[in-house]
Amino acid sequence: MAKMLVRRDALKFMGAGAAAATGLTLSPPSFADTYPSRPITMLCAFAPGGYVDNIARVLAPSLGRIIGQPVNVLDMPGANGMLGEEYYLRQPDDGYVLLADSVVNIIQNILVQKAPIQYDAFSMINLPARDYTLVATSAENNKIKSIGDVIDALRKDPKHFSIGVAPATPDYVNLTLFANAIGVDRKQLRLVTADSGPMRTQLIGNVIDLAFSGGEGFRPLAEQIRPLMVFDQQERAPYKAPAVPEVPALKSIEYVPGSLRGFACHRSFKEKTPDRYAAVVQAYERTFKDPATVKLLKTQSLAYEWYGPDSSNEIYERTYRLMKKYAALLKST
């Protein structure tokens, strides 16, 4: 059964007694032992049953078998992931506590919530779940057939369509960059801000005309929407919709990647103990390439790609730079 913590509990866990209760150690690490010599904790910064928790729990048994010690998932939800992220960075950087997180939340927490953490305190191991903003309308909407229809109508009248978007998200940033590219003032748009789930329900119910939202979240509704465009360099399955470079008015725009979910560690762990870090990376790689694990991930509609540390850190750092550049947009919603 997953263990959930609130902030006052987390503070108590800073003591030695709490460390014993959770299986986390606060004693100075010894690098003379053979790593790993005891169970590993995978700290999940979100609640049980969510995407990050689900992918962590699918991977943990295989990762433990490959690395040679049990890997136990510990959920610490709260404050958009901030509680778990802050607590994680207080743990020893010895490889016995790893992180599962939605790393765009790390960036949002730093830029918007002023979290007392640094983005470069984390090093990505693998970010298999790479979402993207999808522009969509209802499959029953006969007024909108293509992204060209949207651009033409908004240029003539920015309030022509009601547009759903979740506030303080990459989707909101991408909507603003889209509006700028087609010469429309974002403030003139008729926006309906809501969390992603209710907003998608409003779209398929024809309450709103358009939605700018994560494409992966729309997958269960794929038959009920008409995809119009994806904020990516190429078409993304299962949607038959043009990507940014295929839309003449948008060819040169910047855009922010969507939610990035996966696995990370302390950057100092990588730098101080490269041998242990290499062992962890190899174990993750073998886990993501294990046919039984991949099959289970696919069955649960979870991401299974192995991108590795270089690609994962590159997209994380690029996303941070872009979101920092447009941080005022995240704060204005």
Side-chain angles (χ1 to χ4, degrees), residues 49-55 58-59 102-104 126-151 161 163-166 169-175 178 194-248 250-251 253 255-262 288-289 291-307 311-312 315 319:
Y51 191 101
V52 177
D53 174 78
N54 287 342
I55 195 170
V58 170
L59 253 69
S102 176
V103 299
V104 167
N126 192 40
L127 299 178
R130 303 185 176 191
D131 208 348
Y132 50 92
T133 299
L134 172 71
V135 186
T137 188
S138 166
E140 299 176 356
N141 190 330
N142 294 319
K143 298 182 295 181
I144 306 172
K145 298 296 185 180
S146 70
I147 194 65
D149 293 342
V150 173
I151 293 171
F161 297 126
I163 305 174
V165 65
T169 62
D171 302 319
Y172 186 88
V173 174
N174 288 335
L175 169 61
F178 172 86
D195 289 341
S196 296
M199 183 254 295
R200 293 182 183 119
T201 300
Q202 291 176 340
L203 183 73
I204 63 175
N206 294 298
V207 176
I208 57 177
D209 297 307
L210 294 167
F212 281 63
S213 189
E216 293 300 308
F218 266 122
R219 278 179 175 266
L221 306 171
E223 299 300 319
Q224 298 173 268
I225 65 169
R226 180 177 299 122
L228 302 171
M229 192 190 86
V230 295
F231 280 79
D232 207 337
Q233 289 301 108
Q234 58 190 5
E235 184 180 292
R236 293 287 295 263
Y239 309 112
K240 300 294 183 181
V244 165
E246 300 171 289
V247 181
L250 307 176
K251 280 186 177 180
I253 72 165
Y255 59 89
V256 180
S259 179
L260 303 171
R261 292 168 289 195
F288 273 100
K289 293 180 177 180
T293 304
V294 169
K295 181 179 180 180
L296 190 54
L297 289 168
K298 287 182 177 180
T299 299
Q300 298 192 29
S301 298
L302 297 169
Y304 55 87
E305 290 83 0
W306 171 253
Y307 293 105
S311 172
S312 297
I315 194 170
T319 301

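What you see is a predicted model; the values in this text were computed from it and never measured.
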Residues pairing under side chain to side chain donor-acceptor pair (under 3.5 Å) where one sits in residues 218-231, two or more places apart or in two chains, turn out to be Glu216-Arg219
Do [X] side-chain atoms and [Y] backbone N/O form a donor-acceptor pair below 3.5 Å?
{"X": "Thr201", "Y": "Gly197", "value": "yes"}
{"X": "Tyr239", "Y": "Val230", "value": "no"}
{"X": "Thr137", "Y": "Asp209", "value": "yes"}
{"X": "Asn174", "Y": "Tyr255", "value": "no"}
{"X": "Asp131", "Y": "Ser213", "value": "no"}
{"X": "Asp195", "Y": "Ala166", "value": "no"}

Once rounded to the nearest 0.5 Å, what's the spacing between atom [atom1] of [X] and atom [atom2] of [Y]?
{"X": "Phe161", "Y": "Asp149", "atom1": "CZ", "atom2": "CG", "value": "7.0 Å"}
{"X": "Tyr172", "Y": "Ile163", "atom1": "OH", "atom2": "CD1", "value": "11.0 Å"}
{"X": "Ser196", "Y": "Leu203", "atom1": "OG", "atom2": "CG", "value": "12.0 Å"}
{"X": "Leu127", "Y": "Leu260", "atom1": "CG", "atom2": "CG", "value": "6.0 Å"}
{"X": "Leu175", "Y": "Phe212", "atom1": "CG", "atom2": "CZ", "value": "5.0 Å"}

Heavy atoms only: give me the nearest [X]-[Y] pair and the separation to one decimal.
{"X": "Tyr132", "Y": "Ala237", "value": "OH-O, 3.8 Å"}
{"X": "Glu305", "Y": "Asn126", "value": "O-ND2, 3.0 Å"}
{"X": "Pro257", "Y": "Thr319", "value": "CG-OG1, 3.4 Å"}
{"X": "Leu134", "Y": "Pro227", "value": "CD1-CB, 4.0 Å"}
{"X": "Tyr307", "Y": "Ser312", "value": "CB-OG, 4.0 Å"}
{"X": "Ser259", "Y": "Ser102", "value": "OG-OG, 3.3 Å"}

Got [X] and [Y] here, is their nearest side-chain heavy-atom distance under 4.5 Å?
{"X": "Leu250", "Y": "Met229", "result": "yes"}
{"X": "Arg130", "Y": "Ser311", "result": "yes"}
{"X": "Val135", "Y": "Phe231", "result": "yes"}
{"X": "Phe288", "Y": "Leu59", "result": "yes"}
{"X": "Leu210", "Y": "Val165", "result": "no"}
{"X": "Phe178", "Y": "Val247", "result": "no"}
{"X": "Asn206", "Y": "Glu140", "result": "yes"}
{"X": "Ile204", "Y": "Ile225", "result": "yes"}

- Task: Take Asn54 and Gln300 through the test side chain to side chain donor-acceptor pair (under 3.5 Å) and record every step on the way to the result.
- Result: CA-CA 9 Å; Asn54 287 342; Gln300 298 192 29; 5.4 Å; no
_Looking at Lys295, I want to see if its NZ is surrounded by more than 12 non-hydrogen atoms of other residues, nucleotides or ligands under 6.0 Å._
no
